[in-house]
Amino acid sequence: MRARLVSMGLASLAVLALPAAMAVGATPPSAAAPTPAAPPAAPPTVAPTSNGGPMAGTVMAVGAQMSPHRAAYRLTLASSREGSRVTGVVGAMNFAWNDVCHGWTTEQRFQIRFLYSEADDQEMTTSYTTWEAKDGSVYRFNVRKQVTGQPDEEMKGVATLNGEDGGVAHFEKPKPQDIELAPGTVFPTAHTLLLINQARHGDTPVYVRPVFDGSEAEEAGPVSAVIGKAKPLAKDAIVVAALHKDKAWPVHLAFFANDDQQALPDYDTAMMLMDNGIVQSMLIDYGDFKVRAELVALEPLPKPAC
């Protein structure tokens, strides 16, 4: 299964994408003692290119209304199909999203343990930082992953877009290379803001865009979003108390590989997306099992005086 980052709130959240050794149908290796993941590098501060056109204007206008925050999520097994080898999921995700005047930064870390019926448990740890220009024109990323305490992969680089005309991603790791980005491609935070804009207007319930997140050294794959009508969240005391929000849109995202021959998505998610860009909950469907991400703590962060 391809590793993909998902826009969760205003973060490029590494949503439980399974490395090959942990994918459905793979034979799990013996568990090793986990070691702490290396801390992510400090996000850079570079000025946007300001050439994004009308889309950039929409992204910046919606972004001005968003809420920088620190959030924590509990990860559990929601369900599994008959015959699935996965019997349990235990984990947590923590991330912070900050406004740094010219852009948004994300610092995120998650740890998740998969429990198997006939094999040793496996633990996956991911840490990453991203910086994304507020006009959606520049995106810097650094993603590090470990499986059962052993380094799995690292992705690092910078990508640029020339408005709706596409652009290029320059990878430093795992090896130096350039990847072309097709016209219409967007970065994760811009994608979230465009989804919120679509949800507010309510006139286009299906929204499809190629999204580049830096988690794979390949062209951006299309993400298909289906946006439902807003629903109340009055029972969620965490959200209401911290941000005084009481409704969210149900959003279903399907992540496809950049392959015309592949009709089915790599995986899909269902989330409750609030008007300020924060996700209240998420359900990730891997085929023979599903993982639930539930918000357990939320702290607003101050906006800078730019």
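Just the heavy atoms: all of them, side chains too, but no hydrogens, waters or symmetry mates, feed the values below.
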- request: Could you walk me through whether Thr76 and Val291 pass the side chain to side chain contact (heavy atoms under 4.5 Å, CB included) test, one step at a time?
  value: CA-CA 6 Å; Thr76 57; Val291 173; over 6 Å; no
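- Panel note: side chain Thr87, backbone Leu115; a donor-acceptor pair is recorded below 3.5 Å.
- A side-chain donor-acceptor contact under 3.5 Å links Thr185 to the backbone of Ala182.
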task: In sequence, state the C-alpha distance, the side-chain angles, and the governing distance for Leu194 and Gln198, and then conclude on side chain to side chain contact (heavy atoms under 4.5 Å, CB included).
output: CA-CA 6 Å; Leu194 291 170; Gln198 292 292 122; 5.5 Å; no
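- Exactly one of Glu216, Glu154, Glu153 qualifies for a salt bridge (Lys or Arg N to Asp or Glu O under 4.0 Å) with Lys145. That residue is Glu153.
- Considering only heavy atoms from C-beta on, Phe141 stays 4.5 Å or farther from Val158 through its side chain.
- By the 4.5 Å heavy-atom criterion applied to side chains, Pro304 and Asp99 are counted as neighbours.
- Judged by distance alone, with hydrogens and angles left aside, the side-chain atoms of Glu132 form a donor-acceptor pair with the main-chain N or O of Thr189 at under 3.5 Å.
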task: Give the C-alpha distance, both sets of side-chain angles, the deciding distance and a yes or no for ring pair (Phe, Tyr, Trp, His ring centres under 6.0 Å) between Phe212 and His191.
output: CA-CA 10 Å; Phe212 177 81; His191 185 243; over 10 Å; no
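- The nearest pair of heavy atoms linking Asp213 to Ser215 is OD1-OG, 2.6 Å.
- Side-chain atoms of Lys156 do not come within 3.5 Å of backbone N or O of Phe171 as any donor-acceptor pair.
- You'll find the side chain of Phe110 stays beyond 4.5 Å of the side chain of Thr125, heavy atoms only.
- To the nearest 0.5 Å, atoms CG (Leu298) and CD (Gln280) are separated by 10.5 Å.
- Once rounded to the nearest 0.5 Å, the distance linking CD1 of Ile227 with NE2 of His252 reads 13.0 Å.
- Partner of Phe187 under the side chain to side chain contact (heavy atoms under 4.5 Å, CB included) criterion, out of Val59, Leu181, Thr160: Leu181 alone.
- The heavy-atom pair separating Asn94 from Ala72 by the smallest distance is OD1-CB, 3.3 Å.
- What you find for Val206 and Ser224 is that their closest heavy atoms are CG1-OG, 4.5 Å.
- Remark: Asp152 does not engage Arg144 in a salt bridge, criterion side-chain N to carboxylate O under 4.0 Å.
- Using a 4.5 Å heavy-atom threshold, the side chains of Ile179 and His170 count as separate.
- For Glu294, the side-chain contact (heavy atoms from CB on, under 4.5 Å) criterion is met by Arg74, not counting sequence neighbours.
- In this structure, Leu253 CG and Asp285 CG are separated by 12.5 Å, a value rounded to the nearest 0.5 Å.
- Here the straight-line distance linking atom CG of Leu301 with atom OG of Ser67 works out to 10.0 Å at 0.5 Å rounding.
- Ion pair Glu107/Arg70 not flagged as a salt bridge, since none of the NZ, NE, NH1 or NH2 atoms sits closer than 4.0 Å to an Asp/Glu carboxylate oxygen.
- Heavy-atom neighbours of Glu180 CD from other residues, nucleotides or ligands within 6.0 Å: at or below the threshold of 12.
- With rounding to the nearest 0.5 Å, the separation of OH in Tyr73 from CG in Leu295 is 5.0 Å.
- Distance CG/Asn197 to CE/Met55: 11.5 Å, rounded to 0.5 Å.
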- request: Take Met155 and Lys173 through the side chain to side chain contact (heavy atoms under 4.5 Å, CB included) test and state the conclusion after the steps.
  value: CA-CA 5 Å; Met155 298 287 175; Lys173 296 181 179 181; over 6 Å; no
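- Between the side chain of Tyr207 and the main chain of Leu195, no donor-acceptor pair closer than 3.5 Å is present.
- Hydrophobic cluster membership is shared by Ile284 and Tyr116, with clusters built from Ile, Leu, Val, Met, Phe, Trp and Tyr side chains linked at under 4.5 angstrom.
- Ring geometry, His69 versus Phe95: the interplanar angle exceeds 60°, so the pair is classed perpendicular (tilted spans 30 to 60°).
- Cluster annotation: Leu77 is connected to Met282 through the hydrophobic network of ILVMFWY side chains, with a link wherever side-chain heavy atoms come within less than 4.5 Å.
- Closest heavy-atom contact between Pro222 and Val208: CB-CG1, 4.3 Å.
- Contact of the Phe256 side chain with the Val223 side chain is not registered, since no non-hydrogen atoms from C-beta on lie closer than 4.5 Å.
- A donor-acceptor contact shorter than 3.5 Å is absent between the side chain of Lys303 and the backbone of Val100.
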message: Is there a side chain to side chain contact (heavy atoms under 4.5 Å, CB included) between Leu283 and Met271? Walk through the geometry before answering.
response: CA-CA 6 Å; Leu283 186 67; Met271 65 174 70; over 6 Å; no
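- Between Trp104 and Trp97, some side-chain heavy-atom pair lies under the 4.5 Å cut-off.
- In terms of heavy atoms, Asp288 sits closest to Arg85 at OD2-N, 4.4 Å.
- With contacts defined as side-chain heavy-atom distances shorter than 4.5 Å, the pair Tyr139/Pro188 qualifies.
- Side-chain contact between Ile112 and Leu75: present, with at least one pair of heavy atoms (C-beta onward) separated by less than 4.5 Å.
- Closest heavy-atom contact between Asp275 and Met66: O-CE, 3.2 Å.
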